S.K.: 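Sharing a structure, written as structure tokens. Questions coming.
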Amino acid sequence: MTDAPKQLLHLVFGGELADLDKVEFRDLGKLDIVGIYPNYAQAQAAWKAKSQSNVDNAHMRYFVVHLHRLLNPDETV
């Protein structure tokens with residue numbers, strides 16, 4: 001058994017919103033899947049970089065999804 005930290009998978013993705021007041025994407029075919037990361041710190045760094053690179057587009061939003069919570073909803077971290 002290894003002493004490696006537990007994987008807590010996080011997905012970072014984004015796209016252009018149809019309306020700034022809702023999380024509804026203008027074109028699902030153009031979603032930007034940034035990647036899946038083994039912990040929140042790495043996911044947050046990726047999210048921040050992508051968000052900052054699109055700062056000129058007010059409709060572009062990026063999100064971090066806690067995949068580990070979806071995969072194991074009964075598990076507490």
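This is a predicted model, so every value here is computed, not measured.
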S.K.: Using the rule given for side chain to side chain contact (heavy atoms under 4.5 Å, CB included), can you reason through Asp32 versus Tyr62, listing the C-alpha separation, both sets of side-chain angles and the distance that settles it, and then say yes or no?
M.R.: CA-CA 9 Å; Asp32 180 11; Tyr62 282 87; 2.6 Å; yes

S.K.: Could you work out the complete set of other residues in the hydrophobic cluster of Phe13, with links drawn between I, L, V, M, F, W and Y side chains under 4.5 Å apart?
M.R.: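 Via sub-4.5 Å side-chain contacts, Phe13 links to Leu9, Leu11, Leu17, Val23, Phe25, Leu28, Leu31, Ile33, Ile36, Phe63, Val65, Leu67, Leu70, Leu71.
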
S.K.: If you count the non-hydrogen atoms of other residues, nucleotides and ligands that lie under 6.0 Å from CD in Gln7, is the total more than 12?
M.R.: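 Incorrect, the count does not exceed 12.
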
S.K.: Of the non-hydrogen atoms in Glu16 and Met60, which two are nearest, and what is the gap between them?
M.R.: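 Closest heavy-atom pair between Glu16 and Met60: N-SD, 3.5 Å.
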
S.K.: Without swapping roles, check the side chain of Asn54 against the backbone of Asn57 for a donor-acceptor pair under 3.5 Å.
M.R.: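 Side chain of Asn54 to backbone of Asn57: no pair is present.
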
S.K.: Hey, mind stepping through His66 and Tyr40 against side chain to side chain contact (heavy atoms under 4.5 Å, CB included) and telling me if it holds?
M.R.: CA-CA 8 Å; His66 298 264; Tyr40 182 74; 3.8 Å; yes

S.K.: For residues Leu20 and Ala58, report the shortest heavy-atom separation together with the two atoms involved.
M.R.: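 Residues Leu20 and Ala58, closest heavy atoms: CD2-O, 3.3 Å.
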
S.K.: Judged by atom type as modelled, is there a donor-acceptor pair below 3.5 Å linking the side chain of His10 to the main-chain atoms of Leu8?
M.R.: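 Yes, the answer is positive, given that a donor and an acceptor are paired below the 3.5 Å cut-off.
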
S.K.: For Ser51, check side-chain hydrogen bond (donor to acceptor under 3.5 Å, both in side chains) against everything at least two apart and list the hits.
M.R.: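 Ser51 satisfies side-chain hydrogen bond (donor to acceptor under 3.5 Å, both in side chains) with Trp47 once adjacent residues are dropped.
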
